[in-house]
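Note that these values count all heavy atoms, side chains included, but never hydrogens, waters or copies made by symmetry. Atoms within a ligand are numbered from 1 in the order they appear, just like the ligands themselves. Since we're looking at a predicted model, the values are computed, not measured.
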Amino acid sequence: MKDSFPIEKFKTVKTPFYYYDTDLLRKTLDKIKSETDKYGNYHVHYAIKANANRKILRIISAAGFGADCVSGGEIKACLDAGFPADKIVFAGVGKSDWDINLGLDAGIDYFNVESIPELEIINQLAGEKDKVARVSFRINPNVGAHTHANITTGLAENKFGIAMSDMEKVIEIAASLQHIEFVGLHFHIGSQILEMEDFMVLCNRINELQAQLERRHIQVQNINVGGGLGIDYQHPNEVPLPNFEDYFQTYRKRLNLRPDQQLHFELGRSVVGQCGSLITNVLYVKQATYKQFVIVDAGMTDLIRPALYQAFHYIENLSSNETKETYDVVGPICESSDVFVKAFGLNRCHRGDILALRSAGAYGEAMSSGYNCRELPKGYTTEDLA
Ligand SMILES: *Cc1c(COP(=O)(O)O)cnc(C)c1O
């Protein structure tokens with residue numbers, strides 16, 4: 001699969017940088033569309049925190065997707081990239097007044113509200129503008145997910161959402177507030193989830209909650225199940241697309257939707273993860289006492305996932321077909337956690353070789369920082385390097 005990279009072009013661009021295979025991105029979007037079209041009432045909002053690169057956003061908005069934002073800045077980026085305001089939803093435990101006002105002024109579809117104090121502030125700010133804010137309640141379903149502890153979000157111990165025991169109370173409060181319209185329930189149990197079982201457990205919980213509300217004659221227009229579908233970091237070449245078919249079917253089979261109820265999804269990683277690679281240059285190959293280090297010019301400031309969540313990214317040496325050797329691939333940052341992978345087999349490396357860290361399209365460029373006074377990595381698409 002090395003041939004699919006424009007390696008000659010890569011040599012003309014300053015490393016490190018992100019490369020986005022837009023053919024794969026379009027293929028992924030087409031697959032999501034064909035799968036969701038089967039059902040009619042499924043709507044996908046791309047979670048833009050996964051990758052807010054303007055070129056990526058434009059492709060996703062042009063494909064007709066909505067957007068899921070977690071800050072006012074993200075709402076701005078979405079509007080700028082052509083997402084219609086009425087397809088934008090807005091979550092987050094700590095929305096500032098500025099964020100909320102921006103959402104109200106833009107006329108977003110709804111706010112995913114995570115606490116009673118937040119609901120009261122949205123009511124007050126909407127009142128000052130003589131508007132009615134549409135809100136959905138993010139319920140913490142106390143459902144675990146088989147993923148890294150730092151990316152589970154649906155357990156009672158996590159900071160996200162409103163406790164299930166407060167659900168009816170909060171809906172009651174909403175009904176009493178003049179500038180609030182209650183439109184739905186929202187859930188998001190975590191990220192990089194590969195076991196459909198985890199989503200089934202969420203479906204069962206939602207079924208229970210809906211039954212509970214129906215006994216009180218409370219109607220819910222839409223159910224938003226968040227995102228979380230994982231990608232295959234081990235096999236980016238063999239499994240470039242996540243199993244969307246299974247994923248959407250799981251909800252069809254397990255979730256009891258009422259007639260006319262709409263089902264919203266907020267997919268991030270599964271949309272953009274596999275289309276991105278971090279391209280980096282080998283600076284030095286260093287023989288240490290017990291091992292060999294490949295020191296590259298990309299670091300945790302460009303791709304923090306390995307340092308932050310012990311995440312694995314498959315690496316290819318695009319410049320060499322020599323016998324594989326075992327290396328630790330590390331960056332130049334002054335932190336011991338600035339390690340991309342340990343004891344990994346790469347075609348024999350030399351100074352100047354170009355490496356691709358695969359599956360880096362989600363939570364890569366978006367999480368980059370300027371630590372050590374480093375320049376932020378740029379992102380280039382297939383078209384940019386054609
Ligand atoms: C991060 C996030 C998502 C997207 O999660 P992925 O695992 O990237 O699909 C969806 N909804 C909310 C509320 C989020 O915070």
Parallel, tilted or perpendicular for [X] and [Y], by the 30°/60° rule?
X    : Y    : result
Y251 : Y247 : perpendicular
Y20  : Y18  : parallel
F90  : F111 : tilted
Y42  : F265 : tilted

What short N/O contacts, under 3.5 Å, does ligand 1 make with the protein, listed by atom pair and distance?
| from | atom 1 | to | atom 2 | distance (Å) |
| --- | --- | --- | --- | --- |
| ligand 1 | 7 (O) | S191 | OG | 2.3 |
| ligand 1 | 7 (O) | G228 | N | 3.3 |
| ligand 1 | 8 (O) | R269 | N | 2.8 |
| ligand 1 | 8 (O) | Y363 | OH | 2.6 |
| ligand 1 | 9 (O) | G228 | N | 2.9 |
| ligand 1 | 9 (O) | G268 | N | 2.9 |
| ligand 1 | 11 (N) | D68 | OD2 | 3.2 |
| ligand 1 | 11 (N) | E266 | OE1 | 2.7 |
| ligand 1 | 15 (O) | K49 | NZ | 2.8 |

| message | Can you tell whether the side chains of D109 and K87 come within less than 4.0 Å, N to carboxylate O? | response | no

| field | Sidechain-backbone polar pair: K286 side chain, I295 backbone, donor-acceptor under 3.5 Å | value | no

